[in-house]
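Whatever order the structure lists ligands and atoms in, that order sets their numbers, starting from 1. All heavy atoms count here, side chains included; hydrogens, waters and symmetry mates do not.
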Amino acid sequence: MSKRLNRQVQLAARPEGLPKPADWAITEEPVSEPGPEEVLVKVRYISVDPAMRGWMNDRPSYVPVLGLGAVMRALTVGEVVASNSGAHRVGDWVAGLDGVQDYAISDGSQYMKIDTGLAPPQTYLNTLGIAGLTAYCGLLEVGQFQAGNTALVSGAAGSVGAHVGQIAKLKGGRAVGIAGGPEKCAYLIDELGFDAAIDYKKENLYKSLGRACPDGIDLFFDNVGGDTLNTGLAFINVGARVVICGAISQYNETRSFQGPSNYIRLLMRSSRMEGFIYFDFRDKWPGMLKDLATWRAEGKIVCREDITEGPVDIFPDTLLRLFSGENFGKLMIKLPE
Ligand SMILES: NC(=O)c1ccc[n+]([C@@H]2O[C@H](COP(=O)([O-])OP(=O)(O)OC[C@H]3O[C@@H](n4cnc5c(N)ncnc54)[C@H](OP(=O)(O)O)[C@@H]3O)[C@@H](O)[C@H]2O)c1
């Protein structure tokens with residue numbers, strides 16, 4: 001019998017507004033041995049994502065509703081520590097959806113093998129994972145960004161936004177970012193190469209957008225929703241693409257999502273607004289990952305990591321950092337070995 005113990009963070013209740021401690025249960029039980037054709041993975045990094053808030057609701061979504069008592073869904077990177085499967089060897093590193101727990105047993109079919117020689121393991125939750133892929137899919141596939149275009153990016157200092165701005169620059173465009181606070185705005189300009197940054201916490205967004213986008217916006221990559229989406233719509237050019245990636249300002253709303261009253265600009269500017277989930281482009285990921293790995297190796301794409309180290313117990317508090325803007329870079333938890 002294995003002496004390993006598995007701690008799990010389970011969803012105990014559906015939150016109203018911001019998740020609170022009572023919405024979680026933390027359990028511990030011995031880890032079983034993997035059965036025939038199964039693998040046992042030690043989770044090493046947990047991706048902490050705004051979408052997790054939506055996964056806690058009992059509403060139709062792009063993923064099945066998470067049951068009460070289920071382990072919290074999370075993207076993970078881990079190491080195979082026992083295997084009865086021909087497809088996975090002990091010592092292999094894999095990216096998957098193992099959830100907020102120390103160990104996971106499965107048939108291994110969900111895993112993507114990762115090359116830790118190419119990049120450190122946590123990069124597969126950042127540039128070579130959800131953040132880089134989401135930016136690539138939204139900007140280039142959905143948004144059809146072209147050289148000479150101006151992109152407006154909200155949530156620009158976050159993990160997705162940081163990649164969007166840098167890819168827009170790589171493709172010969174202009175990038176204007178919206179972020180909270182002077183430190184994040186300086187990061188946009190000095191480290192990521194954005195052309196302009198707007199501190200939405202201090203500035204009047206409408207006035208600052210007028211100054212930063214004198215020729216309007218060809219692509220609006222929106223991560224925030226609410227007033228930010230509405231204000232950005234006022235500046236779109238003819239033929240603009242408004243890419244709905246997320247709406248973090250709305251995820252903890254106890255009332256219904258706030259829609260944009262400026263939607264009529266889509267008609268006036270013969271434009272379109274389109275949402276997407278990065279899984280939609282799964283077939284194209286191999287080519288995208290090749291590009292992202294090349295850009296990363298050439299130093300053309302960087303993204304801060306915000307890694308908190310500790311047991312799974314720190315997950316509830318870590319998640320809240322996304323909604324206060326306390327995270328600076330791709331938020332992850334590194335579990336003890
Ligand atoms: N469609 C997809 O497939 C897909 C995939 C991944 C992520 N997403 C979406 O992409 C967005 C960014 O995700 P991420 O992982 O890169 O997170 P992140 O941007 O690294 O972190 C969240 C940031 O959002 C900002 N924020 C929080 N509350 C806000 C509010 N009320 N108003 C304005 N800004 C607020 C904060 O930055 P400031 O300090 O600047 O306020 C915070 O640091 C999210 O909406 C997420 O749901 C979509």
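The protein non-hydrogen atom at the shortest distance from atom 45 (O) of ligand 1 is N223 O, 2.9 Å. Atom 23 (C) of ligand 1 has as its closest protein heavy atom L322 O, 3.9 Å. In terms of protein heavy atoms, atom 28 (N) of ligand 1 is closest to F323 O, 3.7 Å. With respect to atom 14 (P) of ligand 1, the closest heavy atom belonging to the protein is S159 OG, 3.6 Å. The shortest contact between atom 4 (C) of ligand 1 and any protein heavy atom is with T134 CG2, 3.5 Å. Scanning the protein heavy atoms around atom 26 (N) of ligand 1, the nearest turns out to be I248 CG2, 3.6 Å. In terms of protein heavy-atom proximity, atom 13 (O) of ligand 1 is closest to P50 CG, 3.6 Å. The protein heavy-atom contact nearest to atom 43 (O) of ligand 1 is N327 OD1, 2.5 Å.
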CA sep, side-chain torsions, deciding dist, call: R44, K334, side chain to side chain contact (heavy atoms under 4.5 Å, CB included): CA-CA 6 Å; R44 300 285 289 273; K334 183 179 185 196; 5.7 Å; no
Pair L152-I178, side chain to side chain contact (heavy atoms under 4.5 Å, CB included): steps then yes or no: CA-CA 8 Å; L152 173 67; I178 304 172; 3.8 Å; yes
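Within a 6.0 Å sphere centred on CZ of F279, other residues, nucleotides and ligands contribute more than 12 heavy atoms. Heavy-atom contacts from other residues, nucleotides or ligands closer than 6.0 Å to NZ of K300 number 12 or fewer. Other residues, nucleotides and ligands contribute at most 12 non-hydrogen atoms within 6.0 Å of the OH atom of Y263. The 12-atom threshold is exceeded at CD of E298, counting heavy atoms of other residues, nucleotides or ligands nearer than 6.0 Å. Within 6.0 Å of CZ in R89 there are 12 or fewer heavy atoms belonging to other residues, nucleotides or ligands.
Applying the side chain to side chain donor-acceptor pair (under 3.5 Å) test between T127 and each of H163, R296, Q166 identifies H163 as the sole match.
For the pair Y278 and ligand 1, the shortest N or O to N or O distance falls below 3.5 Å. Inclusion of E326 in the set of residues having an N or O under 3.5 Å from an N or O of ligand 1 is not warranted.
Here I178 has no heavy atoms under 4.0 Å from ligand 1, in either its backbone or its side chain. Residue K184 touches ligand 1 through its side chain alone, judged by heavy-atom distances below 4.0 Å. Heavy atoms of V160 found under 4.0 angstrom from ligand 1 belong to the backbone as well as the side chain. Looking at V224 against ligand 1, only its side chain comes within 4.0 Å, counting heavy atoms. Contacts between F328 and ligand 1 below 4.0 angstrom, taking non-hydrogen atoms only, are absent altogether.
Closest heavy-atom approach to atom 40 (O) of ligand 1 within the set S249, C137, G180, G155: this belongs to G180. Looking at A157, G325, S47, C245, it is C245 that brings a heavy atom closest to atom 9 (C) of ligand 1. Between A131, G158, G54, it is G158 that holds the heavy atom closest to atom 18 (P) of ligand 1.
A heavy-atom distance below 4.5 Å is not found between the side chains of W24 and Q10.
Short contacts between ligand 1 and A179, defined as distances under 4.0 Å to a heavy atom of the residue, involve ligand atoms 40 (O). Atoms of ligand 1 lying under 4.0 Å from any heavy atom of F276, numbered from 1 in the order shown and given with element: 1 (N), 2 (C).
Residue contact annotation: A247 has a non-hydrogen atom under 4.0 Å from ligand 1. Residue contact annotation: Y200 has a non-hydrogen atom under 4.0 Å from ligand 1.
A distance-only check finds no donor-acceptor pair linking the side chain of E191 to the backbone of Y187 [under 3.5 Å]. Here the side chain of T123 pairs a donor or acceptor atom with the backbone of P120 at under 3.5 angstrom. When atom types are taken as modelled, the side chain of N223 and the backbone of S154 share a donor-acceptor pair closer than 3.5 angstrom.
Across Q8 and V312, no two heavy atoms sit closer than the pair N-CG2, 4.3 Å.
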